[in-house]
Amino acid sequence: MQLFAGCDWGGEAHAVSVIDEGGAVRWKGTVGHDAEGLAKMVRQLAKLGTPADLPIAIERPTGLLVDTLVEAGHPIVPLHPNVVKACRPRYRAAGGKDDLGDSYMLADILRTDGHRFARLLPQSDAIRALRALVRTRDDLVGERVAMANQLSALLESCWPGAVAIFADIDSPIALAFVRRYPTAASAERLGEKRLASFLAQHSYCGRRTAAELLQRLRAAPLPRIGELEAEAKGQLAAMLASILEQLVAKLLELTARVEHEVAELPEGRIVMSLPRSGRVNAAQILAELGDQRARFDSAEHLAAEAGVVPVTYASGKQRGVVFRWACNHRLRSAITTFADNSRHASPWAAGVYRRARARGCDHPHASRVLARAWVRVLFRMWQAAEPYDPARHPAAAALAATA
């Protein structure tokens with residue numbers, strides 16, 4: 001008899017239900033999110049049948065729980081939260097909710113509609129490592145931007161000259177300057193020679209001379225705050241600059257590691273062969289694309305996953321095309337970033353983008369149009385495991401022949 005399981009993931013405990021072909025409950029329980037609880041769940045599931053024949057539906061397709069179930073041999077079927085939300089009225093009209101009930105609902109959706117959902121294909125260890133590196137780097141870049149904005153806002157209220165003197169507040173030279181001169185009072189005696197010495201000490205490689213930078217500093221408005229407030233905000237600025245300086249340094253190390261890892265992978269070299277993909281952007285694409293080629297059955301499937309095609313609603317005489325919200329947002333960001341960069345190196349890509357803008361698309365929309373065109377190329381490359389060759393790209397080859 002075929003069995004189906006559903007697992008409602010939780011931070012401290014997981015609710016699990018196992019049902020048979022008729023929907024009757026064969027086992028229902030809650031296990032803790034610890035070594036003992038996960039081992040108990042695996043043993044209990046093994047008593048009901050062979051792990052390979054007991055698929056498990058779950059909303060969250062990553063984490064220790066999923067790794068444990070995959071290692072035990074269970075097929076994992078990820079269900080998008082939107083799917084679960086849409087199915088909820090089938091089980092409770094009053095809108096009530098509990099974890100064990102949700103686990104039963106997941107199992108029953110798998111029983112009745114399991115043929116509609118793809119099973120999770122575990123990625124290789126190398127891809128999982130790259131994904132961890134890339135996602136952590138992207139998150140830290142967001143933290144760096146947020147902290148740099150916080151530092152800029154603080155300095156604008158107490159020491160605007162420190163923001164104006166260098167182009168980027170999160171550059172190493174700007175952060176070193178804020179740590180050395182956190183307040184306007186601390187820079188009162190700063191002259192051209194002393195600034196030149198500071199720049200040489202920190203290996204400043206900008207195009208501005210000490211005199212030009214000093215002019216920027218002096219041209220900035222003076223703060224209109226009290227001495228105690230200026231001192232307090234100066235201390236905060238120095239602390240933020242110190243933290244941001246360490247974050248920027250670690251980001252450089254992490255970026256170097258990402259660039260090395262993606263260049264070592266055969267799949268990474270395939271993505272890097274695309275025009276202006278670079279190493280970091282190629283790593284971002286590969287981390288979300290993975291190395292399981294059976295994961296996407298068509299270019300249209302990949303385009304939908306990447307969120308570069310809209311959603312069409314049609315009913316009777318009404319028809320609408322709207323932005324696709326449900327997608328892999330990291331993959332969309334990576335592919336649209338590549339598409340925007342590619343138009344500066346590929347005449348074909350530049351033409352696709354230019355025609356989209358001529359039709360009235362704004363820049364983000366035109367970038368998604370170009371990304372959709374690149375997805376077709378990327379899918380063919382991916383399935384053939386071959387790098388990009390403009391000569392085998394008909395549209396690009398035809399354009400090159402007329403140039």
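Positions are given from 1, in the same order as the sequence printed here.
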Legend entry - Exam field: side chain Thr136 to backbone Ala132, donor-acceptor pair closer than 3.5 Å: yes

Inset, instruction - For salt bridge (Lys or Arg N to Asp or Glu O under 4.0 Å), just list the numbers for Asp113 and Arg90, CA-CA rounded to whole Å, side-chain angles, deciding distance to a tenth of an Å, and then say yes or no. - result: CA-CA 13 Å; Asp113 300 280; Arg90 293 164 50 183; 3.7 Å; yes

Legend entry - Pair Phe198-Tyr204, ring pair (Phe, Tyr, Trp, His ring centres under 6.0 Å): steps then yes or no: CA-CA 9 Å; Phe198 173 84; Tyr204 175 66; 9.2 Å; no

Legend entry - Between CG on residue Asp20 and CZ on residue Phe4, distance to nearest 0.5 Å: 9.0 Å

Legend entry - Stepwise side-chain hydrogen bond (donor to acceptor under 3.5 Å, both in side chains) test for Asp8 and Tyr104: CA-CA 9 Å; Asp8 185 63; Tyr104 174 84; over 6 Å; no

Would you mind writing out the side-chain donor-acceptor pairs for residues 391-399 within the sub-3.5 Å range, not counting sequence neighbours?
from   : atom 1 : to     : atom 2 : distance (Å)
Arg392 : NH1    : Glu386 : OE1    : 2.6
His393 : ND1    : Tyr388 : OH     : 3.0

Legend entry - Full working for side chain to side chain contact (heavy atoms under 4.5 Å, CB included) between Val77 and Leu79: CA-CA 6 Å; Val77 183; Leu79 299 183; 4.2 Å; yes

Inset, instruction - Quick one: list whatever passes ring pair (Phe, Tyr, Trp, His ring centres under 6.0 Å) with Phe323, sequence neighbours left out. - result: Trp325

Legend entry - Closest non-hydrogen atom pair between Ile169 and Ala162, with its separation: CD1-O, 3.9 Å

Legend entry - Residue pair Ser346 / Trp374, side-chain heavy-atom distance below 4.5 Å: yes

Legend entry - Nearest-0.5 Å distance that lies between atom CG in Leu120 and atom NE2 in His74: 14.0 Å

Got a list of side-chain donor-acceptor pairs under 3.5 Å for residues 55-72, not counting sequence neighbours?
from  : atom 1 : to     : atom 2 : distance (Å)
Asp67 : OD1    : Arg128 : NH2    : 3.1
Asp67 : OD2    : Arg128 : NH2    : 3.1
Thr68 : OG1    : Leu64  : O      : 2.8

Inset, instruction - Find out whether Leu217 and Leu195 are in side-chain contact, i.e. whether some heavy atom of one side chain is under 4.5 Å from a heavy atom of the other. - result: no

Legend entry - Exceeds 12 heavy-atom contacts within 6.0 angstrom, atom CZ of Arg324: yes

Legend entry - pair Trp27-Leu48: side-chain heavy atoms closer than 4.5 Å: yes

Legend entry - Closest heavy-atom pair and its distance - Gln123, Gln292: OE1-N, 3.5 Å

Inset, instruction - Could you pull out the closest heavy-atom pair between Asn82 and Ala326, with the gap in Å? - result: ND2-CB, 3.9 Å

Inset, instruction - Ignoring hydrogens and angles, tell me if any N or O in the side chain of Arg343 forms a donor-acceptor pair with the backbone of Ala350 under 3.5 Å. - result: no

Inset, instruction - Please name all residues satisfying ring pair (Phe, Tyr, Trp, His ring centres under 6.0 Å) with His344, sequence neighbours left out, ordered by chain then number. - result: none

Legend entry - Non-hydrogen atoms of Arg218 and Glu188 that approach each other most closely: NH2-O, 4.0 Å

Inset, instruction - State whether a side-chain donor-acceptor pair under 3.5 Å links Thr337 with Asn281. - result: no

Return all side-chain donor-acceptor pairs below 3.5 angstrom for residues 172-181, not counting sequence neighbours, or 'none' if the list is empty.
from   : atom 1 : to     : atom 2 : distance (Å)
Arg179 : NE     : Glu245 : OE1    : 2.7
Arg179 : NH2    : Glu245 : OE1    : 3.2
Arg179 : NH2    : Glu245 : OE2    : 3.3

Give the table of side-chain donor-acceptor pairs shorter than 3.5 Å for residues 362-369, with sequence neighbours excluded, one pair per line with atom names and distance.
from   : atom 1 : to     : atom 2 : distance (Å)
Asp362 : OD1    : His365 : N      : 3.0
His363 : ND1    : Tyr353 : OH     : 2.7
Ser367 : OG     : His363 : O      : 3.0

Inset, instruction - Mind listing the closest non-hydrogen atom pair of Pro78 and Ala118 along with its distance? - result: CD-O, 3.5 Å

Inset, instruction - Find out whether Leu100 and Val16 are in side-chain contact, i.e. whether some heavy atom of one side chain is under 4.5 Å from a heavy atom of the other. - result: no

Legend entry - Min side-chain heavy-atom separation Met272-Val262 under 4.5 Å: yes

Legend entry - Intermediate values then yes/no, side chain to side chain contact (heavy atoms under 4.5 Å, CB included), Ser242 and Gln246: CA-CA 6 Å; Ser242 180; Gln246 297 180 45; 3.8 Å; yes

Legend entry - Set of salt bridge (charged side-chain N to carboxylate O under 4.0 Å, His left out) partners for Lys250, sequence neighbours left out: Glu253

Inset, instruction - Indicate yes or no: at least one non-hydrogen side-chain atom of Leu3 is less than 4.5 angstrom from one of Ile19. - result: no

Inset, instruction - Output yes when a side-chain donor or acceptor of Arg111 lies under 3.5 Å from a complementary backbone atom of Glu21, and no otherwise. - result: yes

Inset, instruction - Using the test side-chain hydrogen bond (donor to acceptor under 3.5 Å, both in side chains), find all partners of Ser17 that sit at least two apart in sequence or belong to another chain. - result: Ser103

With a cut-off of 3.5 Å and sequence neighbours excluded, list every side-chain donor-acceptor pair involving residues 28-35.
from  : atom 1 : to    : atom 2 : distance (Å)
His33 : ND1    : His14 : NE2    : 2.7
Asp34 : OD1    : Glu36 : N      : 3.4
Asp34 : OD1    : Gly37 : N      : 2.6

Inset, instruction - For atom CZ of Arg380, decide whether the heavy atoms of other residues, nucleotides or ligands shown that lie under 6.0 angstrom number more than 12. - result: no

Legend entry - Validation row: His80, Lys85 side chains within 4.5 angstrom (heavy atoms): no

Inset, instruction - Return yes if some donor-acceptor pair links the side-chain N/O of Arg208 with the main-chain N/O of Glu212 below 3.5 Å, else return no. - result: no

Legend entry - Heavy atoms of other groups near Arg332 CZ, more than 12 under 6.0 Å: yes

Legend entry - Glu305 and Glu300: CA distance, side-chain angles, deciding distance, side chain to side chain contact (heavy atoms under 4.5 Å, CB included) verdict: CA-CA 9 Å; Glu305 176 75 10; Glu300 289 70 24; over 6 Å; no

Legend entry - side chain to side chain contact (heavy atoms under 4.5 Å, CB included) against Gln235, all qualifying residues, sequence neighbours excluded: Glu231

Result block: side-chain N/O donor-acceptor pairs under 3.5 angstrom for residues 137-154, not counting sequence neighbours:
from   : atom 1 : to     : atom 2 : distance (Å)
Arg137 : NE     : Thr255 : OG1    : 2.9
Asp138 : OD1    : Gln284 : NE2    : 3.0
Asp139 : OD1    : Arg330 : NH2    : 3.1
Arg144 : NE     : Asp170 : OD2    : 3.4
Asn149 : ND2    : Val145 : O      : 3.3
Ser152 : OG     : Ala148 : O      : 3.0

Inset, instruction - Might you point out which heavy atoms bring Pro310 and Val322 nearest each other, and give the distance in Å? - result: CB-O, 3.2 Å

Inset, instruction - Answer yes or no: does atom CG of Asp297 have more than 12 heavy-atom neighbours from other residues, nucleotides or ligands under 6.0 Å? - result: yes

Legend entry - Ion pair Arg135/Glu288, N-O distance below 4.0 Å: yes

Legend entry - Summary of ring pair (Phe, Tyr, Trp, His ring centres under 6.0 Å) pairs that have at least one residue in residues 285-307, sequence neighbours excluded: Phe296-His301

Inset, instruction - Report the C-alpha distance between Val134 and Leu130 in whole Å, list the side-chain angles of each, state the deciding distance to 0.1 Å, and finish with yes or no for side chain to side chain contact (heavy atoms under 4.5 Å, CB included). - result: CA-CA 6 Å; Val134 168; Leu130 180 66; 4.0 Å; yes

Inset, instruction - Report yes if some heavy atom in the side chain of Trp382 is under 4.5 Å from a heavy atom in the side chain of Glu267; otherwise report no. - result: yes

